[in-house]
Amino acid sequence: MPVITLPDGSQKEFPEAVTGLAIAESIGPSLAKAAIAITVNGNQKDLSDPISEDSKVSIITIDSDEGLEIMRHTLTAQVLASAVKNLYPDTKLAIGPTIDDGFYYDFEFQKPISSDELEPIEKEMKKIVSTGSSITKTLNSKSKAIEVFKVADEPYKESIINDADQEDDFQLYHQDDSEFVDLCRGPHLPSLKHIGPFKLTKIAGAYWKGDSKNKMLTRIYGTAWKDGKDLKLYLQRLEEAEQRDHRRLGQQMDLFHLQDEAVGAVFWHPRGWALYQTLIDYMRTKQELAGYEEVNTPELMDRRLWEASGHWETFGENMFTSRTEDERIWAIKPMNCPGHVQIFKKGLRSYRELPLRIAEFGKVHRYEPSGALHGLMRVRAFTQDDAHIFCTQDQITAETGAVCSLLLSIYRDMGFENIIIKFADRPERRVGTDDVWDQAEDALKQAMNSLGLDYSYNPGEGAFYGPKIEFVLRDAIGRDWQCGTLQVDLNLPGRLGATYVGEDGNRHTPVLLHRAIFGSLERFIGILLEHFTGNLPFWLAPTQVVVATITSDANEYAYEVVEQLKNSGLRTEIDLRNEKINYKVREHSLLKTPVLIALGKREIEDRTVSIRRLGKKGQEIVLLTDAISILAKQSQTHS
RNA sequence: GCCGGUGUAGCUCAGUCGGUAGAGCAACGCAUUCGUAAUGCGUGGGUCGGCGGUUCGAUUCCGUCCACCGGCACCA
């Protein structure tokens, strides 16, 4: 006699075990029609699964995120997979999960296919969907499930079952009128009638089980929505994201370029470099206030230093080196930490000097794999706002807290509200003993917990010398990039021989905190550009003000206005070209200059300026003296 | 690094089923002095990513390398 409690608190009692479908029917026929699955005590189940115990049940329809995901899941596992099998019968099936906004399926094709083949596959999928077949499932023992896929010659499915912990209840889903069978965790739609509009989007390679030692499979991506309106909105969103691409904006705004002779290294144009320097100036001020001292260390150092640190062993293949006539091998620094440790080691350090915070805008080079390169986000030469804090065990919590609050205040100034924080613990390849790792991870975890910040775990993704916190920001099309980082390192100071004299008169090894806030200036600028679609806040804009003349009679006055703006510290350009004001407005708008000052006869006579702000219609006429003070003040405001 | 795609003027792109290429914008020149997102006319500009092959002839076909794009793997 199961008693079913619905989300509104109402209860229904059934004489015997009952299915989700029957519950939906008991509520109403339209719900029964719309129902695609149920949640039983928090777990998603098929509509056909019987419930015999008292349970909390909610009906899932496609209008919820859960429902949408189930639809996408059914679409990939039942429709995409069987369409591909129909067209390419000797293809092997791997896995087909859902992702944000869609789904993918990994296949092993006997012959590689190209993106031209997405269209016929999509057509075949539509044919399958149009049958409206109902979907049923069977529960199977491990041996039975293995048998099914042995017969079907699906080695990947077989291996998934073999690797599974369970012995029973392997769910196999079938469609009416089709021989297609797939192994799936479910739940699935009760029938293909619930499939919404979809589109296959791209094709790519992907390693089996995400391991580059394994075979590369072919992954087909798609998107699906509950109705045509949502699909259209999604495609629109993609198009808009294209406009926000920092590579496109970099070109349009004349900030930087990349070229073949310097793969992965940026040619910064004057406007881009102005932004770069503005960020550095800002960070320098912030760090100074937070008790950091700025240093500079060599870009080339003997390889023995990198051998000692462990970098040579772990990342040697990704380091640029240079050999000189005297047969010495130098590494172009991929990190600043060994250099900072040298500064710490120079002279005898006392515990009284701790925490010692050393910062550097250090340009590093890393030979990143060619396939990883991506605009400004992933480059081979970049500058870090790097700092190393030498401290005692007791100081870890306070220093970690100080780093986090500094970072958060800076991200807030930059306009970022949604920051993803991840805790990455010991990787497989690492230096140091497990004892030391336990200590470092505990210390970092405790410090984070005491701050009350929400974070998720990123297991095995720490640095080779210590666990790390990743501060992740998202780009225009939803890709995540690590920007800030904080790492607790109990290994490198010892390996590089750093010590200080403690209160007890003995030598101790300091704790080393590595931290970066922007991370890479290059990447951070890429993220900033995408975040603001190039419309940077006034204080960051490469050119803050353009003074444009309407007729050449205003040239003299324009020079005067520009001089005053520049004297107030505003990045200002002058545009005296013999062009119409419309033309100038358009051009400077495309360059995303926040303020355009137009000068004509009226302004000369009244000693005023006409201020036009980017994205605003119309203009304000203000006295020159007022304009200067308004803009200068605005430039000091970080928001 | 791996899979798939792409590479034509400074930029955005069209085109040649093998007979050495075209538009718009930009640049330059002339005219125009204009009131808030493109003034008009004219001129110049390309080893069709690099190298090799097939061919009477290759930007086009084939091979290879490089770079870029989308993923995967990697990211100190």
Side-chain angles (χ1 to χ4, degrees), chain A residues 104 106 109 112-118 201-221 245 247-248 251-252 254 257-261 263-264 306 309-319 333-338 364 366-375 377-378 384 427 429-431 461-466 468 470 477 479 481-482 485 487 489 492 514 519-520 523 548-555 578-590 596-603 610-619 621:
Chain A
Y104 66 77
D106 286 350
F109 286 90
I113 68 162
S114 79
S115 47
D116 297 342
E117 285 156 271
L118 291 181
T201 48
K202 58 197 173 194
I203 192 162
Y207 298 105
W208 168 236
K209 288 186 175 168
D211 189 335
S212 61
K213 289 196 279 293
N214 291 339
K215 189 162 202 155
M216 179 157 277
L217 307 175
T218 302
R219 177 170 294 179
I220 296 178
Y221 285 91
D245 189 311
R247 294 163 296 187
R248 184 192 182 102
Q251 161 94 320
Q252 187 185 330
D254 191 18
H257 83 268
L258 300 157
Q259 68 183 50
D260 291 3
E261 286 78 3
V263 178
W306 305 100
S309 70
H311 286 91
W312 192 266
E313 158 111 34
T314 318
F315 288 107
E317 287 180 1
N318 303 305
M319 283 163 69
K333 69 177 175 183
M335 290 193 79
N336 303 299
C337 31
V364 296
R366 300 177 180 177
Y367 187 75
E368 302 285 8
S370 58
L373 300 175
H374 182 90
M377 303 297 196
R378 193 78 185 272
Q384 295 178 314
R429 268 188 101 177
R430 58 178 182 265
V431 296
E461 296 295 320
F464 73 85
Y465 47 74
K468 79 176 170 183
E470 302 173 348
I477 61 170
R479 289 180 290 214
W481 299 94
Q482 179 194 306
T485 183
Q487 299 153 11
D489 180 359
L492 291 193
H514 305 240
S520 141
R523 176 178 292 180
T549 49
I550 293 168
T551 79
S552 53
D553 295 339
N555 287 3
N578 178 15
E579 296 288 354
K580 286 187 166 186
I581 192 66
N582 284 295
Y583 181 89
K584 296 184 182 182
V585 165
R586 177 181 155 79
E587 198 160 273
H588 297 297
S589 297
L590 289 173
L596 181 106
I597 288 181
L599 302 177
K601 289 200 184 76
R602 298 202 288 267
E603 286 76 16
S610 159
I611 296 179
R612 183 197 166 91
R613 288 180 187 269
L614 182 61
K616 297 249 165 64
K617 287 216 169 86
Q619 46 274 342
I621 312 293

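Numbers restart at 1 for each chain; the letters A, B, ... are given by sequence-line order, proteins then strands.
- Between Asn214(A) atom CG and C74(B) atom P the separation is 12 Å, expressed in whole Å.
- Heavy atoms of Ser610(A) sit under 4.0 angstrom from at least one base atom.
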Inset, instruction - Would you mind building the protein contact string for nucleotides 60-72 of chain B? One character per nucleotide, 5' to 3', B for base within reach (heavy atoms under 4.0 Å), S for sugar-phosphate only, - for untouched. - result: -------SSSBBB

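- Of the candidates U36(B), U33(B), C75(B), C75(B) carries the atom nearest the Arg523(A) side chain, counting heavy atoms from C-beta on.
- Ring planes of Phe464(A) and Phe315(A): tilted class, angle from 30 to 60°.
- Put simply, CZ on Arg612(A) is 7 Å from C1' on A37(B), counting in whole angstrom units.
- Checking G5(B), C75(B), C11(B) against every side-chain atom of Arg378(A), the shortest atom distance belongs to C75(B).
- Checking His374(A) against Arg479(A) by side-chain atom types alone, a donor-acceptor pair falls below 3.5 Å.
- The separation between Glu470(A) atom CD and C74(B) atom P is 13 Å, rounded to whole Å.
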Legend entry - Steps toward side chain to side chain contact (heavy atoms under 4.5 Å, CB included) verdict (Ile220(A), Ile113(A)): CA-CA 10 Å; Ile220(A) 296 178; Ile113(A) 68 162; 4.2 Å; yes

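- Below the 3.5 angstrom threshold, one finds no donor paired with an acceptor across the side chain of Arg248(A) and the base of C11(B).
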Which protein N or O atoms sit under 3.5 Å from an N or O of nucleotides 24-29 of chain B?
| from | atom 1 | to | atom 2 | distance (Å) |
| --- | --- | --- | --- | --- |
| A26(B) | OP1 | Tyr583(A) | OH | 3.1 |

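- Side-chain atoms of Glu313(A) never come within 3.5 Å of backbone atoms of Gly310(A) as a donor-acceptor pair (strictly under, hydrogens ignored).
- Taking only side-chain nitrogens and oxygens, Asn582(A) never comes nearer than 4.0 Å to OP1 or OP2 of U36(B).
- Although no hydrogens or angles enter the test, the distance criterion places no donor-acceptor pair under 3.5 Å between the side chain of Lys215(A) and the main chain of Trp208(A).
- Across the interface with RNA chain B, nearest-nucleotide mapping of His311(A) and Ile611(A) shows Ile611(A) to be the residue nearer the 5′ end.
- Distance, Leu217(A) CG to G4(B) C1': 14 Å, rounded to whole Å.
- For a distance-only test at 3.5 Å, the side chain of Glu603(A) qualifies as a donor-acceptor partner of the base of G35(B).
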